[in-house]
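Some notes on the structure that comes next.
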Number of protein chains: 2
Amino acid sequence: MQRFLHHFSVVSLRPTEYSVLALIAENPGRKQSEIAAALGIQRANFVSLMNDLEGRCLTERRSAPNDRRSHALYLTVSGENLLNHARRAEADFEADCLERLGGARARDQFLALLSRLFS
Amino acid sequence: MQRFLHHFSVVSLRPTEYSVLALIAENPGRKQSEIAAALGIQRANFVSLMNDLEGRCLTERRSAPNDRRSHALYLTVSGENLLNHARRAEADFEADCLERLGGARARDQFLALLSRLFS
DNA sequence: TATTGTTATACTCTATAACTATA
DNA sequence: TATAGTTATAGAGTATAACAATA
């Protein structure tokens, strides 16, 4: 966690915020509840998270065309720009982890063991 | 975490509480601040934890002989009994993890990779 | 002056219930 | 009747500041 925050300090994003931006980028226009559910976040807790991202002008809530209850989520241009910076931060972070583990082979072993443990 | 709580539900102990009981058992008479520091818990947060364990009659705070500021920590007889049950729960939990990982060799690899990642 | 235990406080993460407006 | 977003609230976990008693 400390290392993640170190690498992501340039974009001021926490893990959850990064995952939200990345998921909206790949699924623009989805409902709040869909994005929240996909990340295992309860919709009640997702509201303040989206308020924060919107307050930082990274995301937009537009009214959905079919269902007037829903909010369709989109990234703003600044949101897309920040996401690009964040992706570079993630690449650095992963390279850091890869080096600590001792290479791609060790990383694959590690991920395989993790998935066994949590299956 | 879910699996830990499943195995430890018989003793109603959370990870931190188990580690506190185990550490006091191996170091009876140590000060609150020593036990807290050894577990990386701040002494301010350790107070309510010890209040709870004492309220369940698992630990005792006795006045230290040399330093009247300190509390020397001990397990009660019930505390020792519960710790024995908890140790069986831990053995079950570890056996569960071992089986998921695929044996002792896989576990040793996993722990080696973990220590590389967090070194 | 410094340390021990303590209280108060605050911030994050997570969980549930209930409200509103829509469907 | 059910769903989407929201609000309020509560419980853990963790962090800091400050106080009284003692060293």
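Here is how names work: the chains are called A, B, and so on, in the same order as the sequence lines, proteins then strands, and each is numbered from 1.
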**Report entry** A/Thr76 side chain reached by A/Glu80 side chain, heavy atoms, under 4.5 Å
**Finding:** no

Report summary line: Separation of C/dA21 atom P from A/His71 atom NE2, nearest Å, is 13 Å

Query - Rounded distance in Å - CZ (B/Arg61) to P (C/dT4) - result: 15 Å

**Report entry** side chain to side chain contact (heavy atoms under 4.5 Å, CB included) partners for A/Gln42, two or more places apart
**Finding:** A/Asn45

Report task. Evaluate the ring planes of B/Tyr18 and B/Phe4, with Trp represented by its six-membered ring, and classify them as parallel (under 30°), tilted (30 to 60°) or perpendicular (over 60°). Result -> tilted

Query - Side chains of A/His85 and A/Val10 in contact at under 4.5 Å (non-hydrogen atoms) - result: no

Report task. Start with the C-alpha gap between B/Arg30 and B/Leu73, add the side-chain angles, then the distance that decides, and say whether side chain to side chain contact (heavy atoms under 4.5 Å, CB included) holds. Result -> CA-CA 6 Å; B/Arg30 291 300 190 97; B/Leu73 299 184; 5.9 Å; no

Query raised in the report: Considering residues at least two apart in sequence or located in another chain, which fulfil the side chain to side chain contact (heavy atoms under 4.5 Å, CB included) criterion with B/Glu17?
Result: B/Leu13, B/Arg14, B/Leu49, B/Asp52, B/Leu53, B/Arg56

**Report entry** B/Glu99 atom CD, over 12 foreign heavy atoms within 6.0 Å
**Finding:** no

Query raised in the report: Can you tell if the side chain of A/Asn51 reaches within under 4.5 Å of the side chain of A/Arg61, non-hydrogen atoms only?
Result: yes

Report task. Before giving the answer on side chain to side chain contact (heavy atoms under 4.5 Å, CB included), spell out for B/Phe110 and A/Leu117 the whole-Å C-alpha distance, their side-chain angles and the decisive distance to 0.1 Å. Result -> CA-CA 10 Å; B/Phe110 183 63; A/Leu117 194 57; 3.8 Å; yes

Query raised in the report: Is B/Asp92 salt-bridged to B/Arg88, going by a charged N under 4.0 Å from an acidic O?
Result: no

Between the protein and nucleotides 7-14 of chain D, which nitrogen or oxygen pairs come in under 3.5 angstrom?
unit_1	atom_1	unit_2	atom_2	d
D/dG13	OP2	B/Arg14	NH1	3.4

What are the atom names and distances for every N/O pair under 3.5 Å that joins the protein to nucleotides 20-23 of chain D?
unit_1	atom_1	unit_2	atom_2	d
D/dA23	OP1	B/Arg68	N	2.9

Report task. Could you please spell out the steps behind the side chain to side chain contact (heavy atoms under 4.5 Å, CB included) verdict for A/His71 and A/Lys31? Result -> CA-CA 5 Å; A/His71 290 165; A/Lys31 295 189 294 182; over 6 Å; no

Report task. Start with the C-alpha gap between B/Phe118 and A/Arg100, add the side-chain angles, then the distance that decides, and say whether side chain to side chain contact (heavy atoms under 4.5 Å, CB included) holds. Result -> CA-CA 8 Å; B/Phe118 295 133; A/Arg100 287 177 188 278; over 6 Å; no

Requested in this report: Check DNA chain D against residues 25-38 of chain A and give the residues with a non-hydrogen atom under 4.0 Å, in numerical order.
Outcome: A/Lys31, A/Gln32, A/Ser33

Query raised in the report: Same cluster for A/Val47 and A/Leu21 if Ile/Leu/Val/Met/Phe/Trp/Tyr side chains link at under 4.5 Å?
Result: no

Query - Rounded interatomic separation in angstrom, taking CG from A/Leu49 and P from D/dT6 - result: 12 Å

Query raised in the report: Which whole-number value in Å describes the distance from B/Phe46 CZ to C/dT6 P?
Result: 10 Å

Query - Length of the CD-C1' vector between A/Glu54 and D/dG5, whole Å - result: 13 Å

Query raised in the report: When you measure from every atom of DNA chain D, which of residues 2-13 of chain B have a heavy atom less than 4.0 Å away?
Result: none

